2 protein chains.
Amino acid sequence: MDMTSLIASIPLFQGLSPGQCAQLAAIAVRKYHSKGQTFFLEGDEAEGFYIILAGRVKIFKLSPDGKEQIFHILEEHEPFGEAAVFAGSHYPASAQALAETPVLFFPTRKFVDLIRRDPTLALAMLALLSMRLRKLTALVENLSLKEVPGRLAAYLLVQCDGNSPLATISLDVSKNQMAALLGTIPETLSRILKRMSDEKLIKTGPRSITILDKRGLADLAEGNRKLG
Amino acid sequence: MDMTSLIASIPLFQGLSPGQCAQLAAIAVRKYHSKGQTFFLEGDEAEGFYIILAGRVKIFKLSPDGKEQIFHILEEHEPFGEAAVFAGSHYPASAQALAETPVLFFPTRKFVDLIRRDPTLALAMLALLSMRLRKLTALVENLSLKEVPGRLAAYLLVQCDGNSPLATISLDVSKNQMAALLGTIPETLSRILKRMSDEKLIKTGPRSITILDKRGLADLAEGNRKLG
DNA sequence: GTTGCGCCTTGACTTAAGTCAAACTTCAAT
DNA sequence: ATTGAAGTTTGACTTAAGTCAAGGCGCAAC
């Protein structure tokens, strides 16, 4: 696909005119990262932001003693690194490819120039940053105000909404990664999955989790209920 | 002060032309909230955002069983509620005045119209949201990757940087609020302040904390050291 | 196949931090 | 000054979740 139509197909850029897409196309750079490769590390000088064309990327931080907190796992068409473009000069977290991941790269300078001339684009970016803020707010809430069973319940409910009308979630992240996403460790996650199974809230399959009691999980997520 | 010069004096609007300030002035509404009054609650329909003229505002969430996590405590000239303007239609957290707090209110619809015509304003908002994202990222890091002494150390260091060249911090928030800001409870905070005093890292005064060992606190904040 | 290496689970133990309850301090208001 | 309410400290106890270590499972490569 040529660059302009590629850009036009990205949700973030919906609503832009063909001319505007062409301008974006003129500054975008195709890049390719293979599994495990990092896009940037926390603290790196920020030179631009990325949009995923395929594959998966995790945004994360490590503690000095090696614990990992994953902020997001992003997929096709999702942007990342965008917060560093408009304020501050270094990336606030690290980004690593979880699979073969082709991306588009937009250099800060040129992209900001475009925004200056294109309020539609500016509003799209504002909406994007606001969404991110919202997601991070939810993460803080989970970490600070819920215990691990509640976080897990909330996570499962979100996954099944976005994933399929049926209540079976195909696990596309390893349980290790899932633990890091929930701000805990694999052992704890394993134990809590077991407790949830015992209480018939879920059924754990080989690469999947089936939700048996949505109401029960919701109660858990909202703190109205505890695991036995 | 007339509205236009008031607006021109707000850092967020630095760099805007007098004409642009006048346009903002035309849509801004002065409001006044007294101590304890809420601006909005989590989940409320978002009708606009605010800029603080004086006083203090806390942005927070409550857990169902009453625990509070404070996201920010904001002061003069700082905006809040801005994330809800550009995406989603409800506020993601609650806002309450901690003192007598006059504010400017900007209604979503009219403000977005201005942005559409004014890329400088758009870039200012983008920078603002990016800063917020950065701060929230740091909060997640603190909650997930640091234990309470590390969070407290980081907090004290930030306060003394922004507060005075000297290493004495005048406590402008109650220790209750400080605990909620750090994602813990007053009892725990109290105990850890004591342990820090015991190790001569700080000295706690009546309404102040004096930093005795900046290096030691930094080590604590970065996880290179533990309290005895 | 079977070998080997991640991933996942399980158990016993430790620990940081929360809970509950009581006492003490501060400060503002009568 | 006295009262009272809120903020703060302290102690004894509980608990959620992390650590450490061992063992099992599943899958890919030879």
Side-chain angles (χ1 to χ4, degrees), chain A residues 35-36 62-70 98-99 142-153 155 170-198 202-209 220 223 225-228, chain B residues 35-36 58 62-70 98-99 142-153 155 170-198 202-209 220-221 223 225-228:
Chain A
K35 184 172 175 171
L62 297 175
S63 79
D65 49 298
K67 189 185 171 192
E68 177 187 43
Q69 174 67 48
I70 298 180
L98 293 178
N142 286 339
L143 290 173
S144 172
L145 302 178
K146 294 191 172 95
E147 8 198 81
V148 181
R151 288 177 226 167
L152 175 56
Y155 175 81
S170 60
L171 284 193
D172 41 341
V173 294
S174 83
K175 288 183 182 164
N176 267 335
Q177 304 266 295
M178 201 167 144
L181 210 37
L182 296 174
T184 185
I185 55 172
E187 291 96 320
T188 299
L189 177 59
S190 181
R191 286 185 242 270
I192 290 173
L193 282 170
K194 185 149 193 280
R195 285 205 275 158
M196 284 187 176
S197 297
D198 290 350
I202 59 172
K203 197 146 73 97
T204 63
R207 277 260 146 222
S208 72
I209 296 177
L220 211 54
R225 167 178 174 164
K226 300 241 164 198
L227 285 180
Chain B
K35 184 171 173 170
K58 75 172 171 188
L62 296 176
S63 79
D65 49 298
K67 189 185 170 193
E68 177 187 43
Q69 173 66 48
I70 299 181
L98 294 178
N142 286 340
L143 290 172
S144 172
L145 303 177
K146 294 190 172 91
E147 14 199 74
V148 181
R151 286 177 228 166
L152 175 55
Y155 175 80
S170 60
L171 283 193
D172 42 339
V173 295
S174 82
K175 289 182 183 166
N176 267 336
Q177 303 267 295
M178 201 166 141
L181 210 36
L182 296 174
T184 185
I185 55 173
E187 292 94 320
T188 299
L189 177 59
S190 180
R191 287 185 240 269
I192 290 173
L193 282 171
K194 184 148 193 280
R195 286 204 276 156
M196 284 187 177
S197 297
D198 290 348
I202 60 172
K203 198 145 73 94
T204 63
R207 276 262 145 222
S208 73
I209 296 177
L220 211 54
R225 166 177 176 164
K226 301 244 164 195
L227 286 180

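Side chains are part of it too, since the values below use all heavy atoms of this structure and drop only hydrogens, waters and symmetry mates. The structure displayed is predicted, hence computed values, not measured ones. Lettering follows sequence order; numbering is per chain, from 1.
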Heavy-atom pair of closest approach, residues [X] and [Y]:
X      : Y      : result
B/A179 : B/I185 : CB-C, 3.5 Å
A/P64  : B/G223 : CG-CA, 4.1 Å
A/P186 : A/N176 : CG-OD1, 2.7 Å
A/P149 : A/L220 : O-CD2, 4.1 Å
B/A153 : B/A221 : CB-N, 3.9 Å
A/R151 : A/L143 : NH2-O, 3.6 Å

Just the rounded figure in Å: distance from [atom2] of [N] to [atom1] of [X].
X      : N      : atom1 : atom2 : answer
A/L182 : D/dA17 : CG    : C1'   : 13 Å
B/I185 : D/dT9  : CD1   : C1'   : 13 Å
A/R195 : C/dT9  : CZ    : P     : 15 Å
A/L171 : C/dC8  : CG    : C1'   : 12 Å
A/L143 : C/dG18 : CG    : P     : 14 Å
B/L227 : C/dT15 : CG    : P     : 15 Å
B/I192 : D/dG11 : CD1   : P     : 16 Å
A/D65  : D/dC20 : CG    : C1'   : 15 Å

Within the structure, does a side-chain N or O atom of [X] lie under 4.0 Å from either OP1 or OP2 of [N]?
X      : N      : answer
A/T188 : D/dG18 : yes
B/K226 : C/dT15 : no
A/K194 : C/dC8  : no
A/S174 : C/dG6  : no

**OP:** Please tell me which of the listed nucleotides, C/dT9, D/dT9, C/dA17, lies nearest to the side chain of B/S190?
**Re:** D/dT9

**OP:** Tell me which of A/T204 and B/T184 sits closer to the 5' end of DNA chain C, going by the nucleotide each one is nearest to.
**Re:** A/T204

Original post:
When rounded to the nearest 0.5 angstrom, what is the spacing between OG1 in B/T188 and CG in B/L152?
Top reply: 11.5 Å

Original post:
Is the backbone N or O of B/L62 less than 3.5 Å from a side-chain atom of B/Q69, with the two atoms forming a donor-acceptor pair by type?
Top reply: no

Original post:
Under the 3.5 angstrom rule, does the side chain of B/K67 hit a backbone N or O of A/S144 as a donor-acceptor pair?
Top reply: yes

Original post:
When the nearest nucleotide of DNA chain D is assigned to A/K67 and to B/L189 on a heavy-atom basis, which residue is associated with the more 5' position?
Top reply: B/L189

Any protein N or O atoms within reach of nucleotides 20-26 of chain C? Criterion: under 3.5 Å, listing atom names and distances.
from   : atom 1 : to     : atom 2 : distance (Å)
C/dC20 : N4     : B/E187 : OE2    : 3.4

Original post:
Do B/L171 and B/S208 have side chains that get closer than 4.5 Å, going by heavy atoms?
Top reply: no

Under-3.5 Å N/O pairs linking protein and nucleotides 23-26 of chain D:
none

